[in-house]
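Naming: A, B, ... by sequence-line order, numbering from 1 per chain.
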Amino acid sequence: MERKVTLACGDGGELAHKLIQQVFVSAFQNQDASRFDSAFLSLESGKIAVTTDSFVVNPLFFPGGNIGKIAVAGTVNDLSVAGSIPLYLTAGFIIEEGFPLEDLRKIVRSLAEEASAAGVRIVAGDTKVVEKGGADGLYINTTGIGVQRAEHAIRPGEMQEGDDVIISGTVGDHGIAILAARGELGLMTDLQSDCTPLNHMIDKVLESGAHVRMMRDPTRGGVATTLVEIAEDFGAAIEISETALPIRNEVMGACDILGFDPLYLANEGKVILIVARNDRQRVLDVLRAFPEGRNAAVIGHITGMGEGRLLLETPLGSRRRLRRLSGMMLPRIC
Amino acid sequence: MHEAVKILVRGRVQGVGFRPFVFRLAQETGLKGTVQNNMDGVRIVWEGSPETIRSAMKRLVSERPRLSRIDEVTYERAETAGLTDFTILESDRDGKSSLVIPVDSAVCGDCLHEMRDPGNFRYRYPFINCTQCGPRYSIIDALPYDRPYTSMKDFPMCGKCGEEYRDPHNRRHHAQPIACDACGPHVSLIEMDGTVLGQRDEAVRLAVRSLESGMIMAIKGIGGYHLACDAANRASVEKLRQRKNRPERPLAIMAASVDAAKRIAVMSDREESLLRSPEAPIVLLEKSAAYARTLPEALAPGIRTIGVMLPYTPLHHLLFDDGKFSYLVMTSANPSGLPILYEDAPARAYLDGIADRILTHNRPILHAIDDSVVRMSERAPFFLRRSRGYVPDPLPARTNVDGVVALGGQMKNTFALGRRRQIFIGPHLGDLSAVESVEHYEKTLSHLMKWMGIEVKTVAVDMHPFYSTRSVAEKMNKPVVPVQHHHAHLASCMEENKLEGPVFGVILDGTGYGEDGNIWGFEVLYGDASGYRRLAHLRYTPLPGGDRAVLEPWRNAAGMLIGLLGERGRRLAGRLFPDKESSIAVISRMVSMKLNSPLAGTCGRLFDAVSAILGICTESTYDGEAAIRLSEHLGPGNVNAPPYPFVVTEKSGLKELDFKPMIEQITDERLKGVPPEPLIRRFHETIISACCSLVESIAEENPGFGHRVVLSGGSMNNPFLSLRLSESLEARGFSVYTHHLLPSGDGGLCLGQLMIAAAKSGV
Ligand SMILES: [Fe+3]
Ligand SMILES: [Mg+2]
Ligand SMILES: [Zn+2]
Ligand SMILES: [Zn+2]
């Protein structure tokens, strides 16, 4: 077999068949589904949850993961934070001509491993090869299917003053790990991306019986953008405290140099939970029992319902209003 | 032989006892006629002999009431009507719009005299006041200005005070805050846990002893709380700095008297009269040779000037009257980045851990107002902060600006409200980054709008997409006019100087959002309120890290060197800031990747960069520190220094000024160990010479442009720069106009915004 993906691999002929057999089928071990044009899935009765996401990551490999792992984590986490149980995934690949086959194998293997660790089955897939320059290496699209929980559902309608805002771990690891992995900035750090599926941990939180109002995974746009969205969607005044944020020293150091705010950096293995104050400790205990929830912390609370806004309490005691991530970072100091 | 004149007096002539004064003048001279308040000012008709009228007109100016300010006296001959007496006519205005909100004023000499007279029933009473002095703006709840609508409403007058209040011949006739120890507010000295240590005069005496023993005291004043300590006690000053987490920022002092101030500072007659004025601002004075023997360097480290004010409340005077100390640190008590504290409960909560004791009183402060800060330039007073004593005195407008509201900038914020032909500038509200500050801003804004009865028609805001005023504007639900920052600076200076038609604007500033999405701040503009053209600017260099580069001038310097000189610039930056070398490597890549590195061409950042290159200030601990400390190296006198070379290029009518040769040379000289003073002088001269040559060449290319130039922007706070630039432009045949009523920096921005919005919306 060729050591690089060629255009012919995507034409539906013999080479394409070989690629699928050798790279995908062997990794997914899901023979029954691959014999038909569609996969047939059995679901319990109730509501189905569907989500889809396309993954474009530069670089494709980074400390703590690769695009394959993110493609699972991102979609599984989207289902999970919405209060459903993720069951199935589909995966579509767009591959640039000349992409090293060995890298493709690694990515696909990692995608398969993460899926099986998360307990979701990959039930359909697709591969397209585009001309050199038509894509930047490799893109993946995943669609996730799950079922809505019958018990222990999240109840956004019960969000109220006094609820706590909890994050499952340190902020900004993925954003800085990716930036460092690109190498262009010369940032010296061995920081790992936090990229990981969180569904098992989230299941345990919900099954603990804690009153969880709302969950979101703070990916692109970071914790700040995610919380602004929650605040505006539910008309909640949220206040978080800068000193309560769990942040790794490496992330802080990089932010110092770059002038970045860690609250706007992407995370790929974190969940923000809004929980009833009485359940705060229960939720923290569950989270901290998982390695990916070891650094879970209460970072703020809801100060009132009505006008949706996010405030940050600074170490000096004043409060700053936070907005969504914007394309520009313009100085305001005159 | 009788004649008649009609006189119009403009300025601050209403609500300050001007009509009774004119009445008294008429009675003393025997002139007949009338006096009346109207929208423009005070109108007087006098009939009598020409000599009597002439001398009365002189006395009108020389003997004017203490709180009045005369901007202009115009008069015309009139027909004699054979009047037989002199009368005060009712104001010919109606409703709310005619009401004036008086300003807070320092205690007057007459009241002070009484307070020190053991025979007087207000002996040592810390709230003594009269119609010519005392609190006003800060204690008024609603208009008209009448005791029941002030924070004096809970203090019913005693018989003695009531008699004075009602007697038309008494100097306390209708003095709304009139009070005495029997009926008025009183002071208490409290521990931080609330324990009362003393009340009334005992509190004052104990407070003096506390200060004498080196304690940090919080003192409730006119517009808010101050933190105070004995300024001559170095340990106390350092303790105050440490507790307030304010390592370098200059602290203002209050001197017991003009004589005490003269011992530590050099003072001209004009500076002295500014200090003694009823507005009683903080005046920036040059430290004297004797300064170092009296006061510690820690008050204003590395700076040639010291901010000095005189006692302005009776309580301040009582603190000094025992002679235990001659100078007190008096710095406004506000948590970092937040407005001045003026309400008792939040003040107490914040001050715990900062102050040792609080000298407070039970007359509520209804409206916070900070001390004003002024410097006397060789030509005119120069406002760094226009607040207590000046706010809310309106400025006259030449056109109708009714209903136009301008929200000001992000830092050093003030707002402006248009009512008919008057413009009210709000108090200094400072940095609007904190939510608490924005809330305070909204409260102050809506109060003043209510007082003035202003119905908003148009709202002017800065073009910057992230200024806090943006969301305030949205809530008003009226047409919003976004105004370019430096256009506003230009229009502000034009309006102050009553200039018509387009003029040149040399705007040297910190950072402002430009129409091309970059950061502007070194601009030659041509225009007026209705529009402008940008004719020249400083070459852009990257600001790696955005706001962070403003707080860390070394970073800004590195960005500038890398932007101008590429790889060589990176190496130079590494040599200048050896402990930052690894960061500089990252910064240089940020610049080439255009990552979080907005482009800026601003004078403020240029000053910061040079300050960092010369090792004077690499990290800023207060707003403007790097630039201020750089210019502080300039001694007095005009030593001739040749400018560094600079380059001007032009693309489609826009000139670009390139200081690359200068930055290169300064860096080179610094690395060779050349002493900084001559470099700094040459640096200033280069900016001046570049501005002059830009304006001159544009004027030559455009003969129709005329020869008037306004100077504005935060860098004009640099006295050397603005004076030398004015002189140099004048020497080239230009008429130069600067600010003298409002700050050059963003404290004056709102006026320009208002004029531009008025011009654009056609009010
Ligand atoms: Fe400005
Ligand atoms: Mg997603
Ligand atoms: Zn008085
Ligand atoms: Zn009384």
Please give me the minimum heavy-atom distance between Ile257(A) and Arg555(B), naming the atom from each residue. O-NH1, 2.6 Å
For Glu442(B), does the CD atom have more than 12 heavy-atom neighbours from other residues, nucleotides or ligands under 6.0 Å away? yes
Segment of Asp431(B) engaging chain A (4.5 angstrom heavy-atom cut-off): neither
So does Glu131(A) have more than 12 non-hydrogen atoms from other groups sitting under 6.0 Å from CD? no
Side chain Arg321(A), main chain Val435(B), donor-acceptor under 3.5 Å: no
Interchain contact, Ser471(B) with chain A, by part (heavy-atom threshold 4.5 Å): side chain
Report which part of Ile584(B) has an atom under 4.5 Å of a heavy atom belonging to chain A: side chain, backbone, both, or neither. neither
Glu436(B) side chain to Arg319(A) main-chain N or O, any donor-acceptor pair under 3.5 Å? yes
For Arg220(A), does the CZ atom sit with more than 12 other heavy atoms under 6.0 Å from it, leaving out its own atoms? no
Calculate, to the nearest 0.5 Å, the distance between atoms CG and OG1 belonging to Leu338(B) and Thr314(A) respectively. 7.5 Å
Does any heavy atom of chain B fall under 4.5 Å from the side chain of Leu311(A), the backbone, both, or neither of them? side chain
Check whether more than 12 heavy atoms from other residues, nucleotides or ligands sit under 6.0 Å from atom CG of Asp516(B), and answer yes or no. yes
Closest heavy-atom pair and its distance - Ser318(A), Ala434(B): CB-CB, 3.9 Å
Please report the closest heavy-atom contact between Gly186(A) and Val586(B), naming both atoms and the distance. O-CG2, 4.0 Å
Check each atom of Met593(B) against the heavy atoms of chain A and say whether the ones under 4.5 Å are side chain, backbone, both or neither. side chain
More than 12 heavy atoms from other groups under 6.0 Å of CE on Met188(A): no
Would you say that more than 12 heavy atoms from the other residues, nucleotides or ligands in this model lie under 6.0 Å from the CG of Asn249(A), or not? no
Which heavy atom in Arg548(B) sits nearest to a heavy atom in Asp256(A), and how many Å separate them? NH2-OD1, 2.8 Å
Answer yes or no: is there an ion pair linking Lys475(B) with Glu307(A), defined by an N-O contact shorter than 4.0 Å? no
Those residues of residues 266-274 of chain A that come under 4.5 Å of chain B on a heavy-atom basis, listed by number, are none
